[in-house]
There are 2 protein chains.
Amino acid sequence: MKYEAITIKDIAKDLGLSTSTVSRALRGSYEISAETRKLVLEYAEKLNYRPNPIALSLKEKRSRSIGIVVCEIANNFFSQVINGIESVAYKKGYYVIISQSHESFEREVANTQYLASRSVDGLLISLSTETTDLSHLNKLHDKGLPIVFFDRITEEMSTHKVIANNFNGAYQATEHLIREGFRRIAHLTISPHLSITKERLAGYKAALADHHLPYDESLVQYCKYGGLIDAETMEAVDNLLALKEKPDALVAASDKLSTGCLAALARRKVRVPEEMAIVGFTNSLLTDIFHPALTSVRQPAFEMGQVAMEMLIDLIESKHPITKFETRVLNTELSVRSSSLKV
Amino acid sequence: MKYEAITIKDIAKDLGLSTSTVSRALRGSYEISAETRKLVLEYAEKLNYRPNPIALSLKEKRSRSIGIVVCEIANNFFSQVINGIESVAYKKGYYVIISQSHESFEREVANTQYLASRSVDGLLISLSTETTDLSHLNKLHDKGLPIVFFDRITEEMSTHKVIANNFNGAYQATEHLIREGFRRIAHLTISPHLSITKERLAGYKAALADHHLPYDESLVQYCKYGGLIDAETMEAVDNLLALKEKPDALVAASDKLSTGCLAALARRKVRVPEEMAIVGFTNSLLTDIFHPALTSVRQPAFEMGQVAMEMLIDLIESKHPITKFETRVLNTELSVRSSSLKV
DNA sequence: ATGAAAGCGCTAACAT
DNA sequence: ATGTTAGCGCTTTCAT
């Protein structure tokens with residue numbers, strides 16, 4: 001009942017050669033006569049021989065495949081990053097295995113372990129909101145597994161990292177709202193310990209400070225699951241609406257939070273931007289057809305994927321252990337649409 | 001520089017046992033004394049021993065992993081299907097490997113071959129728009145690799161399949177528009193040879209016929225890449241707008257086509273639904289915040305994933321070769337919103 | 001109840 | 001230039 005592939009042994013037997021000769025001929029070793037090589041290659045071609053990557057992995061402890069761990073693929077930002085990763089991987093002959101943590105620490109651990117045990121040559125990871133303990137990654141990293149972090153990174157590990165300029169992105173978003181004349185600007189964000197949360201919060205605070213606006217903690221709402229759970233976003237928005245001094249504008253820190261709060265405000269019949277202006281971190285391609293058109297901070301997601309994959313290949317293919325690591329910061333882009341315009 | 005995992009050999013050496021004893025103890029063979037078993041299990045636990053799935057795959061020619069091939073993951077429908085697949089896989093102890101064809105036949109072939117050579121125990125696939133030749137799948141299937149098709153299926157292979165009731169979905173969408181009073185209803189759809197295209201087109205035609213409306217070929221626009229390429233959707237919409245007798249309504253046959261034509265119409269300053277009403281096949285969760293709110297035919301994507309995975313596990317775990325195959329048809333759901341209402 | 005050894009597909013060190 | 005053999009981690013038959 002199972003796929004029986006052609007093996008090197010089959011070829012060897014049929015041709016009356018040894019497996020090692022066949023193996024060498026196949027990989028073009030110079031010690032094989034042109035004649036034999038041609039014979040083997042043609043016969044292999046005829047039989048549509050494909051080397052068994054499992055056997056190769058077992059032998060070589062490498063697989064020319066890399067693992068990706070993200071929280072969700074049903075997310076514009078992450079699916080664009082993945083496409084960037086794939087574009088480089090494909091060119092360089094690496095296969096990509098995608099897995100989702102669904103923002104669960106447990107799933108993240110299970111996925112990384114599985115990928116490692118499957119001999120991936122490296123790991124590209126954006127941490128789940130639940131993750132604070134990094135021992136699962138540290139262990140693998142200490143044992144030599146190349147890891148590159150993107151987007152949701154950690155200070156606790158020395159390796160290559162790629163992020164968007166989250167500070168600037170949030171700063172620009174906030175400043176834009178201030179310049180439009182909004183004064184009580186809320187910030188809807190993710191789990192407080194995530195790197196992106198901290199960076200974006202800092203940008204938001206800095207813009208307020210630079211424009212002499214007070215920082216009011218009650219205007220910052222944390223959504224542990226970053227928009228994955230509708231009720232959570234709804235509650236955060238309700239909290240803001242319940243304040244004695246309601247905010248007049250809002251910076252949403254993620255893709256799902258942006259659309260989620262747009263939906264939540266619609267359900268609460270709050271007009272955007274009249275009663276609440278919005279700028280959202282989002283990579284949605286649909287910002288123009290939202291109601292209202294959504295002002296966005298776009299992250300260079302595809303590029304982030306490309307850079308991350310290139311960095312990972314650097315680590316994987318480097319002859320010498322690398323000790324000097326780099327954190328690349330890519331610029332975000334603010335696109336102003338009607339959701340953030342003073343009327 | 002590579003992850004060196006604990007092996008059965010390490011345990012055997014440390015404990016002064018043979019590898020076979022350790023192996024048997026680990027898998028709870030009854031021929032091992034309770035004492036030895038306990039010793040081994042505890043020691044393995046202490047060392048955090050994990051069996052090497054690569055070695056297992058090589059030996060057993062199975063991997064407890066399954067492969068998914070979809071055109072794109074950056075797509076509400078497919079990412080929801082994948083989540084459905086994962087939910088069942090996780091429960092049943094299967095690992096899921098996701099790959100994208102990007103609507104390219106070549107990539108689809110490469111992906112299926114790679115997955116097969118990686119000893120996946122089965123394949124879940126939704127065909128690319130380019131695919132007409134099925135020999136890559138037929139070969140694998142003939143050699144015993146279990147395959148389940150979902151969404152974009154083929155008549156040419158006998159195996160389990162899951163689809164939405166595309167005929168009904170399109171019928172209901174079209175009929176709804178007719179009942180609202182629209183008379184020239186266009187159909188924006190994907191590649192003509194895809195199963196879903198045929199089924200939806202048939203539903204559209206049937207609704208027209210049942211309501212004594214003429215079928216006009218010029219009202220059907222095919223987008224080979226199903227919305228993947230913006231320019232293509234734009235052109236199709238322009239074609240419709242250029243007709244001497246413009247349509248007053250439109251049924252879009254996919255997720256990306258629905259949002260794509262909403263965007264295209266906005267760019268052409270065509271008001272929806274006043275000048276053109278729309279019903280779209282979409283699983284977007286954002287239909288309410290589109291402008292205007294988008295009437296949708298929703299497919300039970302998560303459920304489709306669950307059913308597909310259950311069917312695949314049936315095939316994989318069946319003791320006897322299965323010869324009686326099933327095509328499950330799941331109901332769609334029409335949700336009326338403002339984009340399709342006569343004003 | 002336990003061990004020795006073969007074998008899954010492949011590569012590479014070591015013969016010849 | 002080609003063959004023999006060991007070994008990657010594991011299971012499993014065959015001995016004991």
Side-chain angles (χ1 to χ4, degrees), chain A residues 1-41 43-44 47-65 113-114 116-121 143-144, chain B residues 1-41 43-44 47-64 114 116-119 121 143:
Chain A
M1 263 297 277
K2 276 298 295 179
Y3 184 89
E4 290 297 337
I6 309 295
T7 73
I8 230 171
K9 214 185 210 167
D10 299 326
I11 300 180
K13 199 166 55 183
D14 293 358
L15 260 36
L17 293 167
S18 75
T19 57
S20 48
T21 303
V22 175
S23 170
R24 280 186 279 237
L26 251 16
R27 32 196 29 252
S29 163
Y30 56 90
E31 22 179 25
I32 298 297
S33 72
E35 209 180 357
T36 309
R37 171 155 55 226
K38 185 155 169 281
L39 180 69
V40 170
L41 286 177
Y43 191 70
L47 261 51
N48 193 28
Y49 167 79
R50 296 276 171 265
N52 180 331
I54 301 253
L56 282 173
S57 297
L58 183 60
K59 182 112 200 47
E60 309 201 330
K61 306 198 163 180
R62 77 189 302 256
S63 59
R64 279 199 93 74
S65 69
Q113 304 250 326
Y114 184 87
S117 69
R118 278 264 145 204
S119 291
V120 290
D121 297 347
K143 291 187 175 162
Chain B
M1 262 298 277
K2 276 298 297 178
Y3 182 89
E4 292 295 339
I6 310 294
T7 74
I8 231 171
K9 213 187 210 167
D10 300 326
I11 299 181
K13 199 167 55 183
D14 293 358
L15 260 37
L17 294 166
S18 75
T19 57
S20 45
T21 303
V22 174
S23 170
R24 279 185 281 237
L26 251 17
R27 30 198 31 252
S29 164
Y30 55 90
E31 20 177 28
I32 298 297
S33 72
E35 210 179 357
T36 309
R37 170 156 54 226
K38 184 154 169 282
L39 180 68
V40 170
L41 286 176
Y43 191 69
L47 260 52
N48 194 30
Y49 166 79
R50 297 274 170 268
N52 180 332
I54 302 254
L56 282 172
S57 297
L58 183 60
K59 184 110 202 41
E60 309 200 332
K61 306 198 161 180
R62 76 191 301 257
S63 59
R64 281 200 91 75
Y114 184 87
S117 70
R118 277 267 146 201
S119 291
D121 298 348
K143 290 187 175 161

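Chain identifiers are assigned alphabetically (A, B, ...) following the order of the sequence lines, protein sequences preceding nucleic acid strands; residue numbering begins at 1 within each chain.
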>> So B/T7, base contact, sugar-phosphate only, or nothing? Heavy-atom distance under 4.0 Å.
In response: sugar-phosphate
>> I need the NZ-P distance between B/K13 and D/dC10, as an integer number of Å.
In response: 14 Å
> For B/P53 and A/S117, which heavy atoms make the closest approach, and how far apart are they?
Replying inline: CG-OG, 3.2 Å
> B/S18 has a side chain; which of C/dA4, D/dC10, D/dA1 sits nearest to it?
Replying inline: C/dA4
>> Classify A/I54 by what it touches in the nucleic acid, base, sugar-phosphate, or nothing, heavy-atom distance under 4.0 Å.
In response: nothing
>> Given D/dC10, D/dG3, C/dA1, identify the nucleotide with an atom nearest to the side chain of A/L17.
In response: D/dG3
> Tell me: CZ of B/R118 to P of C/dC10, nearest whole Å?
Replying inline: 13 Å
>> How many whole angstroms separate atom CD1 of B/I11 from atom P of D/dC10?
In response: 8 Å
> Between D/dT13, D/dG3, D/dT11, which one does the side chain of B/K59 approach most closely?
Replying inline: D/dT11
> Do A/V22 and A/T19 have side-chain heavy atoms sitting under 4.5 Å apart?
Replying inline: no
> Taking the side chain of A/L58 as heavy atoms from C-beta outward, which of C/dT2, D/dC8, D/dT4 is closest to it?
Replying inline: D/dC8
> Mind checking whether B/S57 and A/R118 have side chains closer than 4.5 Å, heavy atoms only?
Replying inline: yes
>> Whether the B/S33 and B/T36 side chains hold a donor-acceptor pair (N or O, under 3.5 Å, no angle test) is what I'd like checked.
In response: yes
> Taking only side-chain nitrogens and oxygens of B/S33, does any of them come within less than 4.0 Å of OP1 or OP2 of C/dT2?
Replying inline: yes
>> Distance check needed: D/dC8 P versus A/N52 CG, whole Å only.
In response: 18 Å
>> Taking only side-chain N and O atoms of B/K9, does any of them lie within less than 4.0 angstrom of OP1 or OP2 on D/dG7?
In response: no
>> Measure CD/B/E60 against C1'/D/dG9 and give the value in whole Å, please.
In response: 12 Å
> B/I6 CD1 to D/dC10 C1': how many Å, rounded?
Replying inline: 16 Å
>> Taking 4.0 Å as the cut-off, does a side-chain nitrogen or oxygen of A/T21 come that near to OP1 or OP2 on D/dG3?
In response: yes
> Base, sugar-phosphate, or nothing: which does B/S23 touch, judged by heavy atoms less than 4.0 Å apart?
Replying inline: base
> Hey, does B/R24 reach any base, or is it just sugar-phosphate, or nothing, if we go heavy atoms under 4.0 Å?
Replying inline: base
> Could you state the CG-P distance from B/L56 to D/dT12, rounded to the nearest angstrom?
Replying inline: 10 Å
>> So, does A/Y49 get its side chain near the phosphate of C/dC10, meaning an N or O under 4.0 Å from OP1 or OP2?
In response: yes
>> In this structure, how many angstroms lie between the C1' atom of D/dA15 and the CD atom of B/E31, rounded?
In response: 12 Å
> Does the side chain of B/S20 come under 3.5 Å of the side chain of B/S23 through a donor N or O and an acceptor N or O?
Replying inline: no
>> Does A/T36 reach a base, just sugar-phosphate, or nothing at all? Heavy atoms under 4.0 Å.
In response: sugar-phosphate
>> Using heavy-atom distances to pick each residue's nearest nucleotide on DNA chain C, tell me which of B/A34 and A/R27 is more 5'.
In response: B/A34
>> Is it the case that the side chains of B/N52 and B/R50 hold a donor-acceptor pair, with the cut-off being a distance below 3.5 Å and no angle test?
In response: no
> For A/S20, which contact category applies under a 4.0 Å heavy-atom criterion: base, sugar-phosphate, or nothing?
Replying inline: base
